[in-house]
Amino acid sequence: MKIALDAMGGDFAPQAAVAGAVLAAQRLAGKAQVVLIGSEAEIRSLLFEHGPSATTLEVVPASQVIEMGEHPTKAFQQKQDSSIAVGYRLLHSGEVDAFCSAGNTGAMLVGAMFTVKAVPGVLRPAIANFVPKVGGGMGIMVDVGANADCKPEMLEQFGELGSLYAQYVLGIARPKVGLMSLGEEEGKGSAVTQAAHQLLKVNPHVHFIGNIEGRDLFNDKADVIVCDGFTGNVILKMAESMYDIMVARQLNDAYFEKLNYETVGGSPILGINDNAIIGHGVSTPLAICNMLMQGYQMAQSGIVDQIKDTFKS
């Protein structure tokens, strides 16, 4: 198995990316190989600094970089030798089993749609993120930024995608799916969420428990939280700010440490024909390492095949 990393992606690349790849390679020894994509000279120079064992990591050259501020579609089309474009070609050809990047989020989404494409039957792929539960374990929230405006049918599919991930990657036997709304009652929420509720209620692929409210985010009421990308992104950024405030005030708590983005490293794109993960732009070596470990877990779980089988029926 090979897990690829965009070594040029992120605010602290390539230094943080290479350091994180070396750490992940040590953890994955004997289970998977890490493949670094980007400026070969820069990457090999940094690998050399990490010692003889690091120099054995595979490097795939890419002469271009899609910068954070570039227009995603235009940059992806015009920079076909960028580390993101090369990474997706490797993924599409089957040369690697997962592709991770802390680079331009929009370009990662564009690359996913243009190269590996959506699973037939999936209306819109979504970005998922992880929600630590007060009672222990982890839940998942879908969508957190790919689709700001959603149709009811899209929210229904987010419930299916999140449920499959929770089952096959997080190991939750019968994931409880909740729809984020303004109240628990069936008739609460916007016209879109009310219609999505009716669809989820009769969907045989999910264990739908009804509407949930913002206060249910971290409790055990739902393992999968369904929302549009606008709402999900606001929730995600608010949770990250809670951790930042704790750190700034020097408050240490094991639970709130789980809100640190470094803990999971990245957000998987669900609903595409392969394994791709988007990392935080400010990713540290630890975050990069955990993103690569997550890529390994996704590839090992066969989650994409499970999604394909579900949407084929």
Side-chain angles (χ1 to χ4, degrees), residues 1-68 79-105 107-108 111 115-116 169 257 260-268 274-302:
M1 187 182 292
K2 291 185 177 183
I3 313 299
L5 173 68
D6 167 15
M8 314 310 289
D11 294 346
F12 307 116
Q15 291 82 1
V18 172
V22 171
L23 185 58
Q26 293 169 352
R27 292 189 187 180
L28 290 168
K31 294 187 287 188
Q33 292 177 268
V34 175
V35 178
L36 289 158
I37 305 165
S39 169
E40 186 169 14
E42 288 184 79
I43 294 170
R44 292 206 181 279
S45 175
L46 289 166
L47 288 172
F48 182 78
E49 293 176 12
H50 286 277
S53 61
T55 59
T56 61
L57 267 67
E58 186 177 344
V59 179
V60 175
S63 63
Q64 297 172 306
V65 178
I66 296 177
E67 304 293 345
M68 289 296 200
K79 293 185 172 181
Q80 280 298 293
D81 199 44
S82 65
S83 46
I84 289 179
V86 171
Y88 270 119
R89 283 203 295 275
L90 292 174
L91 188 64
H92 181 58
S93 67
E95 293 175 69
V96 300
D97 301 281
F99 175 48
C100 307
S101 174
N104 187 306
T105 298
M108 281 294 288
T115 312
V116 297
V169 184
E257 275 296 322
N260 182 359
Y261 78 93
E262 292 177 299
T263 304
V264 292
S267 300
D274 227 310
N275 304 300
I277 300 173
I278 301 171
H280 206 298
V282 296
S283 287
T284 61
L286 177 60
I288 295 290
C289 172
N290 284 331
M291 177 167 57
L292 288 164
M293 296 302 296
Q294 189 190 141
Y296 167 73
Q297 290 168 350
M298 282 185 72
Q300 188 184 45
S301 72

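Starting from 1, each residue takes its place in the sequence as its number. Every heavy atom of this structure was used, including side-chain atoms; hydrogens, water molecules and symmetry mates were not.
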Point to revise | Taking every non-hydrogen atom, the tightest pair across Met68 and Gly281 | key: CE-CA, 3.7 Å

Check your understanding: Once you round to the nearest 0.5 Å, how far does OG of Ser267 lie from CD1 of Ile278?
Key -> 7.0 Å

Check your understanding: Where do Leu91 and Asn275 come nearest, in terms of heavy atoms and distance?
Key -> CD2-O, 3.6 Å

Exercise for review: Could you tell me which non-hydrogen atom of Ile37 sits nearest to which non-hydrogen atom of Gly87, and how far apart they are?
Suggested key: CD1-CA, 3.4 Å

Review point. To the nearest 0.5 Å, what is the distance between OG (Ser83) and CD1 (Ile66)?
Key: 7.0 Å

Point to revise | Close side-chain approach of Val264 to Asn290, heavy-atom, < 4.5 Å | key: no

Revision key, fill the gap. Hits for side chain to side chain donor-acceptor pair (under 3.5 Å) against Thr55, two or more places apart or cross-chain, chain-then-number order -> none

Check your understanding: Who passes side chain to side chain donor-acceptor pair (under 3.5 Å) against Asn104, sequence neighbours left out?
Key -> none

Point to revise | Shortest non-hydrogen contact from Arg27 toward Met293 | key: CB-SD, 3.9 Å

Exercise for review: Measure across Ala4 and Leu292 and return the closest heavy-atom pair with its distance rounded to 0.1 Å.
Suggested key: O-CD2, 4.1 Å

Check your understanding: Any side-chain heavy atom of Leu28 sitting closer than 4.5 Å to one from Met1?
Key -> no

Determine all donor-acceptor pairs shorter than 3.5 Å in which one atom belongs to a side chain in residues 41-51; sequence neighbours excluded.
residue	atom	partner	partner atom	Å
Glu42	OE2	Ser39	OG	3.3
Arg44	NE	Glu40	OE2	3.1
Arg44	NH2	Glu40	OE2	3.4

**Study point:** Results of side-chain contact (heavy atoms from CB on, under 4.5 Å) for Glu262 - residues two or more places apart only
**Key:** Asn260, Thr284, Leu286, Ala287

**Study point:** Any pair counted as salt bridge (charged side-chain N to carboxylate O under 4.0 Å, His left out), so long as it reaches residues 54-64, sequence neighbours left out
**Key:** Lys2-Glu58

Scan the side chains in residues 11-26 for donor-acceptor partners under 3.5 Å anywhere in the protein, sequence neighbours excluded, and list what turns up.
none

**Study point:** Member of Asp81, Val96, Val60 meeting the side-chain contact (heavy atoms from CB on, under 4.5 Å) criterion with Arg89
**Key:** Asp81

Check your understanding: Which residues satisfy the ring-ring contact (aromatic ring centres under 6.0 Å, His included) test with His280, sequence neighbours excluded?
Key -> Tyr261

Exercise for review: Tell me, please, which residues at least two apart from Val65 pass side-chain contact (heavy atoms from CB on, under 4.5 Å).
Suggested key: Met8, Glu67

Check your understanding: What is the minimum heavy-atom distance between Ala62 and Val86, and which atoms define it?
Key -> CB-CG2, 4.0 Å

Review point. Is the closest side-chain heavy-atom distance between Ile3 and Gln297 below 4.5 Å?
Key: no

Point to revise | Those residues that, when tested against Ser101, pass side-chain contact (heavy atoms from CB on, under 4.5 Å) (two or more places apart) | key: Asp6, Ile84, Phe99, Met108

Point to revise | Contacts of type side chain to side chain donor-acceptor pair (under 3.5 Å), residue Glu257, not counting sequence neighbours | key: none

Check your understanding: For Glu95, what residues pass the side chain to side chain donor-acceptor pair (under 3.5 Å) criterion, not counting sequence neighbours?
Key -> Ser93

